[in-house]
Amino acid sequence: MESSGTIGYIDLSRPETAVTPMPSQWRSRFLGGRTLNAYLAFRNTPKGSGPLDPGNSIVLGSGILSGLGATLLECAGFSSRFPLTGRFGFAAIPGGFGAGMRRAGFDHLVISGRAGQWVYLLLHEGQVQVLEAFDLKGKTVPETLEALEKKHATPDFQALVIGASGENRVHFAEGATREGWTFGKTGAGALLGAKKVKAVVCCGTRDLWVKSPGAFLDLVKSLYDEGAAAGALGSVLKRKGDGEDLFFRLCRDLGVNPETARKMRSWAQSLAESGVLSKNVSGRLGVMGNGEGDFMPFVRRMARRKGAGVAWQWGPLAAAERLPKGSLAYFPSLDALFKVYCEPCFEPLLARPWTDCLPDVLSHEGRAFDSHAVDDAKKGRAFRRVKGRRLPALTAEAFIANSLGIGTLRLPGGTTGKAALSVYRDLVRLATGFQFREKRLVEIAFSGYALERLLDIREAKGGSMPRWVFRSMDGESARALGGPREVKAWIPPKAVLQGWEKASLVKRKVFRQLGIEAIWPLMR
Amino acid sequence: MGEKVLHIDPQKCTGCMQCEGVCAVWCSASGNPSVSRIRVLKWEGSLFVPMACRQCEEAPCMAVCPKEALYRDGALNRVMVDYTRCISCRMCVAACPFGAMGFDAGRQRVFKCDLCDGDPRCVRFCLPGALSYTASETVQYRRIRHAAQKQAPIKEATHVLLSSE
């Protein structure tokens, strides 16, 4: 294996930066990407930190396949406790940001504290700089990117930025990359905004050596061909911004998630039409009318945190608590409500974004959004097991892929199972020369899943999101959304039998089994 | 069929940067786009323009080389670097009007696109089809077809007009 890598730590409150080499055992135990992100978050987040508190750490991470030529498959990771869900989670950052981080000399970056004024972070040739960003405050996403690109006019420029909604900590503000990808719809933008970080810029030209270039590229090409033959490469090949309407572009400029914003606007309109909202409030929100232009004032007010728009920026459930009783019943649908709270996963070979959300619940047998889980169940590979614990195969593979710095390699034909694991293993072997067994990959996935779950247990006292959602709904709202029984059905009783609930998981021997014993003292 | 050329269609480029990545890995075994022979530049909005060596007939890089290290390979009609003669003076890098000559600081030598000996990897991996390695006549014919396609509705309208008369 070429090198263990480098981790950068930034405490914005002081501000202090430190760059340390990654211990080699971390690489072999967690690989990198998502799993190591979760481990670093655990070590650097004090107990009881709210999502937007200075103590809550943001961990950005690349994987060992980042920047090695499989460009369409690559994604970096953004891990933190997200404001919309209150859960610890992972948002994939598709595109070249992970490669940019590695070329700038960093594998992972831990951001904690809160800056006194607006700043942006520059990663350059193994150094982290915290630079003033007065001139960037209030700028839209494209304006920010343009200004930064002018300032750092290098061919290897990569950046992730936030818009006005992130600055104002709207709970569904997302981040955006130079290539036009967006990520973290459950509040990645708000998390950066809470730390007063407008952007993270990478400029670097470090070499990332590939062990067997020819064979590695041949394998990558065969994956592309398979994806292209199945017609499944649409999302990664689509030119960003093509075919987007005015509303979509406005949301992109402001850095707010368009789907959530649209649902919130529709909801506000329903409330106004049914008289739940007073005429005065409806008028101030500007929610009457169905034309494309009629959607703009609401989103602008919400993203810029102005006047009547303030109450809507926390998402539907938090807004419902402040609105008259029963208002949640007017939300478009239960499915729409859950999708607002789900973080999509990155599957470059298949545009199917809703599988990995709330992995412990929604990808559970019989409760999955996609039909693949059912197909896999028939083939007897819906679950993977390690030491008595079970994990849906889809979730295990998402953890493996994200820990390598790529998206999940799934095709419409369904390559879940042994075949996919051998592809991941071969990609790593050909790119880096690092050899390991497929079983080791599964163990790493289990460690990653346990780390994310344990952080949730520690911070949210074991309450999973769907239970919390159910508690937030009063009986009337739940009935309107299909009845309490249907809402309860989202909480599969079997979820607690998988070995991931508090009583089974928080045991020292389990920590030892999963290779995460070092965090045992931090769990208390 | 005449010689083949590397044809770039910026209208089809989605800015996925796969060509840069694959070129750097194939030619230098390094995932560093600064040693890639093809570079994709982003312009306002979402316009991406891939830039690579045009294999010019009157190549400025060849003209300025003091050691005549750059020469034309007749078989593929490409400009090549003879590294036994090259002294890494970088005159060619300065002279290229397209910025297609680069300098690899790690290896201390200049580099340029050699069309991967007739099988350009960037073309193989370009899934949107913005890059093609095709006969020069075909490039012109594609343009003609595209222009003619735009005129087709006019012809149809004229036909309707004449028949009504």
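In what follows, chains are A, B, ... by sequence order, proteins preceding strands, each numbered from 1. Since we're looking at a predicted model, the values are computed, not measured.
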Within-4.5 Å side-chain heavy-atom neighbours: A:F97 and A:V200: yes
Engaged part of A:A99 at the chain B interface, taking heavy atoms whose separation is under 4.5 Å: neither
Charged N-O contact under 4.0 Å between A:D225 and A:K221: yes
Pairwise side-chain contact, A:R206 with A:E125, heavy-atom cut-off 4.5 Å (strictly under): yes
Heavy-atom neighbours of A:K151 NZ exceed 12 at 6.0 Å: yes
Heavy-atom contacts under 4.5 Å, residues 91-125 of chain B to chain A: B:R107, B:R124, B:F125
Minimum side-chain heavy-atom gap A:D156-A:C203 below 4.5 Å: no
Residues A:R178, A:E149: salt bridge by 4.0 Å N-O rule: yes
Separation between CZ of A:R103 and OG of A:S66, rounded to the nearest 0.5 Å: 10.0 Å
Polar side-chain atom of A:E74 near backbone of A:G67 as donor-acceptor pair, under 3.5 Å: yes
Side-chain heavy atoms of A:P142 within contact of A:L145, under 4.5 Å: no
Pair A:R429 + A:D426, salt bridge at N-O below 4.0 Å: yes
Neighbours of chain A found in residues 15-33 of chain B - heavy atoms under 4.5 Å: B:G15, B:C16, B:M17, B:Q18, B:G21, B:V22, B:V25, B:W26, B:S28, B:A29, B:S30, B:G31, B:N32, B:P33
Closest-packed option against chain B by number of heavy-atom pairs under 4.5 Å, given A:V220, A:T205, A:T71: A:T71
